[in-house]
Amino acid sequence: MANTPHGGSLIDLIVRDAPRRDALVKEAATLYSLTLNERQLCDIELILNGGFSPLDGFMSQADYDSVVSDLRLSNGLLWPMPITLDVNAAQIKAGNIAPSTRIALRNPQDDTVLAILTVSDIYTPNKSREAAAVFGADDVAHPAVHYLHTQTKEFYIGGKLDAIDVPVHYDFVEHRFSPAELRAYFKKLNWTRVVAFQTRNPMHRAHRELTVRAARARHCNVLIHPVVGSTKPGDIDHFTRVRVYKALLPKYPQGMASLSLLPLAMRMGGPREALWHAIIRKNFGCTHFIVGRDHAGPGKNSAGQDFYGAYDAQELVAKYKSELDIEVVPFQMVAYVPESDEYIPADEVPEGVKTLNISGTELRRRLKTGAAIPDWFTYPEVQTILRASHPARSAQGFVVLFTGYWNSGATLIAQALQMSLNQGGQRPTTLLLGETIRHELSSELGFTKRDRDLNISRIGFVAAEIAKCGGAVIAAPIAPYDAARIEARKVVERAGGGFFLVHVATALEDCIARDRTGTYERAKRGEIKGFTGIDDPYETPTAPQLTVDAAKTPVSQIVHEIILLLEAQGYIGSR
Ligand code: PPS
């Protein structure tokens, strides 16, 4: 038998309101709409499908105050996390929002109406109080506190929901279960005792070992129940993680484990979050829940100390044990013992016996540099998946952006660099000469500051897209403005590409002296207006990776300097 939902019954609003759905859709079309943000979208999905039972809407002030100060809804039921809907004064005015107003809540991804909210109250939260009580400190180093102070609008509106649809997902659909579906699935599998494992990270041998140990100790099956909503900034994306979990499933014997994805927006709230996670798993029918060391920990505060003690979460869930009705299995840290080639609980490792571990930070470093990840740490299948989405530098894309006066020699250097990179053959290489870009991408642009900036921004966009797919881009416009070059760097780096700015600092006199086309002469005579260096500015780059002078150094030597730079950063050659 699956576990009883929190509060006694599953609040499946979709099933409850299905008979009225058509009328609700019609009504929604006449109402003021609020488009939810990513976090609210996660929250509403779990309200609508019963993952947050007994909630049937966003919290009223009475519930909110009680949850913040006492970890309970106003009816006394244990609930540790505020689930609120924030709005600003302009929205209140535009929607005439007042008690009893009905508002359509829309999915930001496809604009569909998910539910109608009947407003019960509008209230002003004390955000500092909420931060201190719920997250332990009013410190913006905490991601949820940062969100509260920077993203959350000034008013909360409470009220119950009438359900129309849950958000549609297009990824890993076969692994997405509502609480009712998961309960039915457990029934089909004849699973009566299920231990859930919460994670927002890839899983390795140690996780497989500890979940099997938990299953063995409690005679359970294992539900891998990873969060695929928002997690901690900087985490590995859920697409990669889900591929990892799927690769891990066959490592469990006899169909012992299943995978279900949880569209939760984590708050990284440590102890309170652990309690909340346990309640959610109970709603999904699980009977047991693993709470680890530093469960849902947000990292360091602004004084450089941990926000929570490593075992605070385990202590808080133990405190509310009698009200939780899901058995919490404290995570036993397992350590790898090379001597016997096995994982054993850290507290069972005999004195003096050597153990090994690779931290998350170390794993990320190895993925970045391409350094080896040992087989004792993870399965080869998992390693292949992680490497595919975290290629080593030698397989990552990069952009070399040349900047300098017209006729500085940048075009020749760019062409020669492409030859050299093609010889290496490590990745496809694209050459974006000023002339090509002006013809293919920016033909309608002139040479005002605005047009030149737009030209560089287009080059940055295209280069970033190519670098994202692992290609090399060599671009050689004049790019006279520092801010535009800096912006292009940002766009490329955000896409995961390396960015190298090379200033071809050939003196203007030399550029003019080498000009056999008469272009500079025409500019000097005023036949070309706003020509860079003649009657238009060139801003010297503030922080180029390389500065070269094509009048003083042969092209082949300049290309070699760039090759050395790329090699030093690991983008070319193999290590
Ligand atoms: S920018 O500033 O980076 O957008 O310039 P870029 O795209 O590199 O364009 C340089 C080419 O445009 C010709 N040209 C001018 N350059 C500078 N200032 C003015 N006013 C100007 N008018 C035209 C310049 O000769 C370059 O031509 P190509 O054919 O690329 O050598």
Side-chain angles (χ1 to χ4, degrees), residues 398-419 429-467 472-492 497 499-551 555 558-559 562:
F398 64 83
V399 177
V400 179
L401 177 68
F402 290 96
T403 172
Y405 289 119
W406 180 75
N407 207 30
S408 63
T411 300
L412 273 182
I413 302 167
Q415 284 164 330
L417 177 63
Q418 189 189 31
M419 297 284 181
T429 304
T430 301
L431 187 59
L432 303 178
L433 296 178
E435 185 188 1
T436 322
I437 292 296
R438 285 274 170 188
H439 190 252
E440 300 296 338
L441 268 188
S442 296
S443 56
E444 90 287 14
L445 296 184
F447 291 88
T448 60
K449 178 171 188 308
R450 183 194 159 275
D451 280 8
R452 289 179 194 261
D453 284 351
L454 191 53
N455 186 37
I456 302 308
S457 135
R458 289 176 185 175
I459 293 174
F461 170 76
V462 170
E465 289 299 308
I466 294 171
V473 180
I474 303 166
I478 295 173
Y481 296 111
D482 212 30
R485 296 181 298 240
I486 290 171
E487 189 53 35
R489 172 189 296 278
K490 273 196 207 143
V491 171
V492 171
F499 187 91
F500 299 86
L501 184 68
V502 178
H503 180 199
V504 185
T506 311
L508 184 61
E509 312 83 82
D510 292 326
C511 299
I512 295 171
R514 290 148 51 114
D515 173 18
R516 294 196 300 104
T517 64
T519 304
Y520 275 113
E521 281 310 315
R522 276 188 281 126
K524 279 185 188 170
R525 288 198 299 269
E527 291 166 25
I528 310 175
K529 300 261 181 280
F531 202 87
T532 309
I534 304 301
D535 55 350
D536 218 46
Y538 179 83
E539 294 174 3
T540 303
T542 40
Q545 273 58 60
L546 194 66
T547 301
V548 296
D549 184 336
V555 168
I558 294 173
V559 168
I562 299 170

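Order of appearance sets the numbers: ligands from 1, and atoms from 1 within every ligand.
For atom 31 (O) of ligand 1, the closest non-hydrogen atom of the protein is W406 NE1, 2.6 Å. At the top of the distance list for atom 18 (N) of ligand 1, counting protein heavy atoms only, stands R452 NH2, 2.8 Å. For atom 3 (O) of ligand 1, the nearest protein heavy atom (residue, atom name, distance) is A479 N, 2.8 Å.
The shortest non-hydrogen separation linking Y405 to G533 is CE2-CA, 3.7 Å.
In terms of polar-atom proximity, defined here as any N/O pair under 3.5 Å, P480 makes no such contact with ligand 1. Ligand 1 has an N or O atom lying under 3.5 Å from an N or O atom of I478, backbone or side chain. Residue-to-ligand polar distances keep T519 apart from ligand 1: every N/O pair is separated by 3.5 Å or more. Ligand 1 has a nitrogen or oxygen under 3.5 angstrom from a nitrogen or oxygen of G530.
The backbone N or O of L441 sits less than 3.5 Å from a side-chain atom of R458, completing a donor-acceptor pair.
Contact annotation: T532 has at least one heavy atom less than 4.0 Å from an atom of ligand 1.
The local environment of CD in E527 is crowded, with over 12 non-hydrogen atoms from other residues, nucleotides or ligands closer than 6.0 Å.
Between F461 and E465, the closest side-chain pair of non-hydrogen atoms falls below 4.5 Å. Between I478 and T403, every side-chain heavy-atom pair lies at or beyond the 4.5 Å cut-off.
One finds no salt bridge joining D536 and K449 here, because no Lys/Arg side-chain nitrogen approaches an Asp/Glu carboxylate oxygen to under 4.0 Å.
In this structure, the ring of H503 has its center less than 6.0 angstrom from the ring center of Y538.
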Q.
Quick one, R485 with D482, criterion salt bridge (Lys or Arg N to Asp or Glu O under 4.0 Å). Give me CA distance, side-chain angles, the key distance, then yes/no.
A. CA-CA 5 Å; R485 296 181 298 240; D482 212 30; 2.9 Å; yes
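Heavy-atom proximity to atom 13 (C) of ligand 1, evaluated over F447, Y520, Y481, is greatest for F447.
Per-residue contacts place K529 under 4.0 angstrom from the following atoms of ligand 1 (heavy atoms of the residue considered): 20 (N). Less than 4.0 angstrom separates some heavy atom of I456 from each of these atoms of ligand 1: 3 (O). Per-residue contacts place E435 under 4.0 angstrom from the following atoms of ligand 1 (heavy atoms of the residue considered): 29 (O), 30 (O).
A cation-pi contact, defined as under 6.0 Å to the ring centre and within 45° of the axis, is absent between R525 and Y520.
Counting heavy atoms under 4.0 Å from ligand 1, residue R438 touches it through the side chain alone.
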